Amino acid sequence: MHVVELTVGCGRLKTKKIEDLKSLIGPNFALINPKVVCGKLHLQQAAYLSASAHQGNYNLANDKSTEVLLYLTAQRQISKAIKIGGIDNTIESLAWVSFGETPKKLFELVKKDESVIDISNFDSSGFNSEIGINKIQKIVMTKTATLSVQSR
């Protein structure tokens, strides 16, 4: 059994050249809009589930980098997941997941900043505000975890 090294992180852009960032995206490296990440634990969970789906041959996407977006956004349609969780010209910060080696060029374009995916920055507008952020995270992570068992 081959164990894949998972690395997650986040940071603020040092550049406005989104195309330079997009050029780093590959089958084993995802760049993510941090607004869809409900804390570091959520990002780690989505990365782990993506790697497990590929190892167990129940993946929905061909690449782990796309699979992680499906889990993070709780979508089964790749185009929707990319639209919701992908990066575009409006972002000022991002999150990433690397299944293996993280591209060195990333750190020329992004300054690491763990606060970017702090749970307090999650867009919880779709939830009842009285629930509390910790319960919202549990709900989001439960939804993430159940993606792979939903019928196709």
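By convention here, the first residue in the shown sequence is residue 1. Keep in mind that what you see is a predicted model, and the values were worked out from it rather than measured.
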Under a single-linkage definition using a 4.5 Å side-chain heavy-atom cutoff for Ile, Leu, Val, Met, Phe, Trp and Tyr, are [X] and [Y] assigned to the same hydrophobic cluster?
X: L41; Y: L72; result: no
X: V97; Y: L49; result: yes
X: L6; Y: Y71; result: yes
X: L106; Y: I91; result: yes

Qualifying salt bridge (charged side-chain N to carboxylate O under 4.0 Å, His left out) pairs with a residue from residues 83-110, counting only residues at least two apart or across chains: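 Output for this query lists E101-K104.
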Can you tell if the side chain of [X] reaches within under 4.5 Å of the side chain of [Y], non-hydrogen atoms only?
X: V8; Y: I117; result: no
X: F122; Y: I136; result: yes
X: V116; Y: L94; result: no
X: S65; Y: F29; result: no
X: L21; Y: I87; result: yes

- prompt: Who are the side-chain hydrogen bond (donor to acceptor under 3.5 Å, both in side chains) partners of D113, not counting sequence neighbours?
  reply: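 For D113, the residues satisfying side-chain hydrogen bond (donor to acceptor under 3.5 Å, both in side chains) (neighbours in sequence not counted) are R12, S115.
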Distance-minimising heavy-atom pair for [X] and [Y]:
X: L70; Y: A81; value: CD2-CB, 3.7 Å
X: A47; Y: F99; value: O-CE2, 3.4 Å
X: L24; Y: P103; value: CD2-CB, 4.1 Å
X: P34; Y: A95; value: CD-N, 4.3 Å
X: G86; Y: L69; value: N-CD2, 4.3 Å
X: S98; Y: G100; value: OG-O, 3.2 Å

[X] side, atom [atom1]; [Y] side, atom [atom2] - distance, nearest 0.5 Å:
X: E114; Y: C10; atom1: CD; atom2: SG; value: 4.5 Å
X: I78; Y: N62; atom1: CD1; atom2: CG; value: 7.0 Å
X: E67; Y: N59; atom1: CD; atom2: CG; value: 5.0 Å

Stepwise side-chain contact (heavy atoms from CB on, under 4.5 Å) check, T66 with L60: CA-CA 9 Å; T66 306; L60 297 172; over 6 Å; no
query: Which pairs count as side-chain hydrogen bond (donor to acceptor under 3.5 Å, both in side chains) when at least one residue sits in residues 29-53, sequence neighbours excluded?
result: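 For residues 29-53, and leaving out neighbouring residues, the side-chain hydrogen bond (donor to acceptor under 3.5 Å, both in side chains) pairs sorted by first residue read H42-T144.
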field: Results of side chain to side chain contact (heavy atoms under 4.5 Å, CB included) for N121 - residues two or more places apart only
entry: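 In terms of side chain to side chain contact (heavy atoms under 4.5 Å, CB included), with neighbours along the sequence ignored, N121 is linked to D118.
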- prompt: Which residues satisfy the side chain to side chain contact (heavy atoms under 4.5 Å, CB included) test with I84, sequence neighbours excluded?
  reply: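 I84: side chain to side chain contact (heavy atoms under 4.5 Å, CB included) contacts with V36, T73, Q75.
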message: If you apply the rule side-chain contact (heavy atoms from CB on, under 4.5 Å), what do you find for L43 with W96, and how did you get there?
response: CA-CA 9 Å; L43 186 60; W96 66 82; over 6 Å; no
Indicate every side-chain donor-acceptor pair of residues 13-20 with a distance under 3.5 Å to a residue at least two apart or in another chain.
{"unit_1": "K14", "atom_1": "NZ", "unit_2": "F107", "atom_2": "O", "d": "2.9"}
{"unit_1": "T15", "atom_1": "OG1", "unit_2": "K17", "atom_2": "N", "d": "2.9"}

